[in-house]
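Just follow the structure's listing: the first ligand is 1, and inside any ligand the first atom is 1. We number each residue from 1, following the sequence as shown. As the structure is a prediction and not an experimental result, all values here were calculated from the model.
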Amino acid sequence: MQTDLIDKLNSTDKGEDALVVVHGGAGNIKLEYLPKEKLERVEADLTRALTNAFNLLKKGASAIEAVAAAVTVLEDAEMFNAGRGSCLNELGKVEMDASIMNGANLEAGSVACISNVKNPVLLAKAVMEHSNAVLLVGDGAELFAENMTKVIGLELAANEYFATPEALSELKRFQERGSMPHNALSTGSSQGEKYGTVGACARDLSGNVAAATSTGGLIGKLKGRVGDSPLVGAGVYADNQTCAVSTTGFGESFIRVVLAHEVSSLIRHAHKTIAEATVEAIHSVLSRSNGKGGLISINSQGDYALPFNTQGMYRGVITASGQVKISIS
Ligand code: ASP
């Protein structure tokens, strides 16, 4: 139990040297209503994601390796809506989206509507490193995944790995309520429902930045629906000259205002600081599309910002000294 880690993490701050920030989704989350056991698990998972990535950076790994490692931890944890914990679509099937981007050279890889891969972020990374494509979807992405089992040892997983009894009953409860597809924004933590998409941004010892995002999308979503998470510019962006960004929230609103790239543009063209740019993006630009959610962002100087306009966002940072801070609402 490490609830002493729970800290009012400033929405903007400065780290140095190796730096990692992560999120585990934004929504109707209030610290005081979270069951203790759930809080402990979320905290432990976010801490493990941060420390794994940080230890890699300290050994000289790239920012790309670090964000992939952090997101892999969160995909394997059942607490989040990504990888193992992904929510199911209207047909009871998992359809996951993920992305990764390298701020050093603007290379990016992403996948959408995939259902056969244990760690979608690693498939996105493989698209970036082992193909000429940026985005692969559906059957094509799954075929590429099968090839990647031999090339990088990518692990596949059957629908049963994701469509657990809990995930199926969560979908049933949702469908019985007859609601529109939704995400963490309209689910109640007291009912034990899952929160969010996961993401990470990192700065390596050379000052390069990277970002990655991974999600199961919205519970009960239409088959074939793709959110912002795999879209470069909407749910992920990284450029050493400006910043790295990973977003979470109702994806359609983020797509309409191309939110992640908007942060970068505000820094590049309007000469805003990362603190100013992220606050403007979340509290002004996103509200133009009635959007709810949050983002995490860092730059190559080690500044970071984690703003959101929902009740809470699972988030954390690990800075040069190895100090971990986790915050929720
Ligand atoms: N942005 C994700 C989507 O719309 C969901 C989330 O972040 O909670 O697919």
Side-chain angles (χ1 to χ4, degrees), residues 21-29 42 46 71 74-75 77 79-83 85-90 93-100 110-115 120-121 124 135 137-138 162 167 170-171 174 179-189 193-201 211-237 245-263 281-282 286 289-297 306-315 328:
V21 290
V22 292
H23 71 78
N28 186 16
I29 311 167
V42 165
L46 293 177
V71 169
L74 299 175
E75 286 177 340
M79 302 308 293
F80 303 97
N81 175 15
S86 289
C87 64
L88 305 176
N89 71 10
E90 57 176 352
K93 202 171 172 211
V94 73
E95 281 189 333
M96 300 170 289
D97 303 333
S99 58
I100 192 161
S110 59
V111 290
C113 278
I114 58 157
S115 51
V121 73
L135 171 61
V137 304
F162 308 100
E170 198 171 56
L171 177 66
F174 166 76
S179 331
M180 290 288 284
H182 66 179
N183 67 347
L185 300 172
S186 48
T187 57
S189 59
E193 294 187 48
K194 288 189 194 86
Y195 291 104
T197 295
V198 303
C201 298
T213 309
S214 180
T215 189
L218 308 185
I219 190 166
K221 66 187 179 181
L222 289 173
K223 177 173 165 52
R225 178 264 181 190
V226 175
D228 59 319
S229 309
L231 302 183
V232 169
V236 75
Y237 201 69
V245 181
S246 169
T247 68
T248 176
F250 193 76
E252 281 69 6
S253 309
F254 285 72
I255 295 170
R256 289 185 187 116
V257 294
V258 201
L259 195 83
H261 189 264
E262 181 74 7
V263 177
I282 287 294
L286 188 59
S289 59
N290 291 322
K292 288 272 177 222
L295 63 81
I296 56 172
S297 183
L306 308 95
F308 52 96
N309 65 2
T310 46
Q311 280 193 325
M313 178 168 79
Y314 294 131
R315 61 199 186 282
I328 293 176

Between Met79 and Tyr314, is any pair of side-chain heavy atoms under 4.5 Å apart? no
Could you say whether the N/O atoms of Gly249 and ligand 1 ever approach to under 3.5 Å? yes
If you measure every N or O of Gly217 against every N or O of ligand 1, does any of those distances drop under 3.5 Å? no
Just which atoms of ligand 1 are under 4.0 Å from any heavy atom in Thr197? 2 (C), 5 (C), 6 (C), 7 (O), 8 (O)
May I ask you to check if ligand 1 and Thr248 share an N or O to N or O distance below 3.5 Å? yes
Hey, are the side chains of Ile255 and Leu231 touching, using non-hydrogen atoms and a 4.5 Å cut-off? yes
Any sub-3.5 Å donor-acceptor pair from Asn81's side-chain atoms to Cys87's backbone N or O? yes
Between Ser289 (side chain only) and Ser253 (backbone N and O only), is there a donor and an acceptor less than 3.5 Å apart? yes
Which is it for Met313 and ligand 1 at heavy atoms under 4.0 Å: side chain, backbone, both or neither? neither
Glu75: partners by salt bridge (Lys or Arg N to Asp or Glu O under 4.0 Å), with sequence neighbours left out: none
Holding to side chain to side chain donor-acceptor pair (under 3.5 Å), I want the full list of residues that pass it with Thr215, two or more places apart in sequence or in another chain. Thr197
Output the list of atoms in ligand 1 that are nearer than 4.0 Å to some heavy atom of Asp228, sorted by atom number. 1 (N), 2 (C), 3 (C), 4 (O)
Check each of Lys292, Arg225, Glu252 against atom 4 (O) of ligand 1 and report the one with the nearest heavy atom. Arg225
N or O contact, Thr247 vs ligand 1, cut-off under 3.5 Å: no
Within the distance-only criterion (no hydrogens, no angle test), does the side chain of Asn309 pair as donor or acceptor with the backbone N or O of Gly293 below 3.5 angstrom? yes
Any heavy atom of Ser229 under 4.0 Å from ligand 1? The part involved is side chain
